[in-house]
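Shown next, in structure tokens, is the structure this report addresses.
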Amino acid sequence: MRFDKLKKQLELLIILSDGRNYTVEELCERIGLSHRNFYYLLDFIKHAGFIVFKNQGCYHIDRRSPFFTQLLQAIQFTDKDVKTIYSVLTMAGNDSEMVNQLRKKLDNAYNFSISADSPVRRQMDNNMKQLQMAMAEKKTVCLVGYSSPHSHSMKDRLVEPFLFLHNNEDIRCYELVSKQNKTFKISRMTSVEILDTPWLHEDLHRQVFTDIFMFSSEERHRVKLRLGQLSHNLFKEEYPQGTYFITKNEDGSWLLDLEVCDYRGLGRFVLGLYKDIEIIEGDGFKAYMKEEIKGLAASLNLQ
């Protein structure tokens, strides 16, 4: 009985979402519902977050309803996703017929060959192949003629590459001269030469971490906060990607347990809702907040 009810709910959702308008009689006849059960299911659909329109006695569901938006975000490839897949297929070479077919399908759908045939694109693809090979074999490489806008120079860099970033546009490396982990843009490399020297500093390789506030660093700081109803709701609205960091406490409050690279993003959120938030753990964050409040008081001549 329960599954039959769910089946009819899903059937009603599918029909109402096909872009047409249906009368109550049409819907009841197609699904096998009484008018009473139809209105009951319609009320359930509305409360579930679907936007239902009624026009001259006819019904349909707006495809901009939150459910459809979330579903598309979960299953649909973005332009960046497709470009990344195409880049990976390009790096794989031409030995596999399956890879060639997939690359051809993407090329036909997105016209990648136009941009892929440019000298810059060919140079980037070749650099990516060399870097991928070096990572697989754990070899040191020379980034020949790397153009740096910060130092306004173009010189060779000896590095140990270990991680592609940002849709394969950047590469994370350990640089031998500076003894630091750095991120290099593949488009700024004239070429890449694989050396015979194996990795000697793998234990020093550090991935860059980006927190939900879009701050990036190799370092992470853990913070625990107790959120009230207001701060809980606003956090979920502003940072939906951080919802899984939240768990509900027995007293009705919520625990936010997350890692951040920089206290500024989280600090801005807490300062705006300090009456509804308690810092449970994070001595560094507490010290940061004290300095921020001290600075704010000084700027307002409250000391």
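Positions are given from 1 along the sequence.
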Quick one: name the residues clustered hydrophobically with Ile280, using the 4.5 Å side-chain heavy-atom rule over I, L, V, M, F, W, Y, and just say none if it's on its own.
Leu255
Residues that Glu175 engages under salt bridge (Lys or Arg N to Asp or Glu O under 4.0 Å), provided they are two or more places apart
Arg157, Lys182
Arg222: what forms a side-chain contact (heavy atoms from CB on, under 4.5 Å) with it, not counting sequence neighbours?
Lys224, Asp257, Glu259, Glu281
Under the salt bridge (Lys or Arg N to Asp or Glu O under 4.0 Å) rule, what pairs show up with a residue in residues 159-170, not counting sequence neighbours?
Asp170-Lys185
If the condition is side-chain contact (heavy atoms from CB on, under 4.5 Å), which residues does Glu29 pass it with, not counting sequence neighbours?
none
Side-chain donor-acceptor pair under 3.5 Å between Asn126 and Gln130, yes or no?
no
Looking at residues at least two apart in the chain, or sitting in another chain, which of them share a side-chain hydrogen bond (donor to acceptor under 3.5 Å, both in side chains) with Ser253?
Asn249, Asp251
My understanding is that only residues two or more places apart in sequence, or in another chain, count here; which of them pass side-chain hydrogen bond (donor to acceptor under 3.5 Å, both in side chains) with Glu238?
Arg268
Taking side-chain contact (heavy atoms from CB on, under 4.5 Å) as the definition, give me every residue that meets it alongside Asp43, ordered by chain and number, with sequence neighbours left out.
His47
Listed partners of Tyr146 passing side-chain hydrogen bond (donor to acceptor under 3.5 Å, both in side chains), at least two apart
none
With sequence neighbours left out, what residues match Glu278 under side-chain contact (heavy atoms from CB on, under 4.5 Å)?
Arg226
What pairs of residues pass the salt bridge (Lys or Arg N to Asp or Glu O under 4.0 Å) test when at least one of them lies in residues 199-215, not counting sequence neighbours?
Lys138-Glu202
Any donor-acceptor N/O pair, Gln207 side chain to Phe162 backbone, under 3.5 Å
no
Report all side-chain donor-acceptor pairs from residues 31-39 shorter than 3.5 Å, counting only partners two or more places apart or in another chain.
residue, atom, partner, partner atom, Å
Ser34, OG, Asn37, N, 3.1
Ser34, OG, Asn37, ND2, 3.4

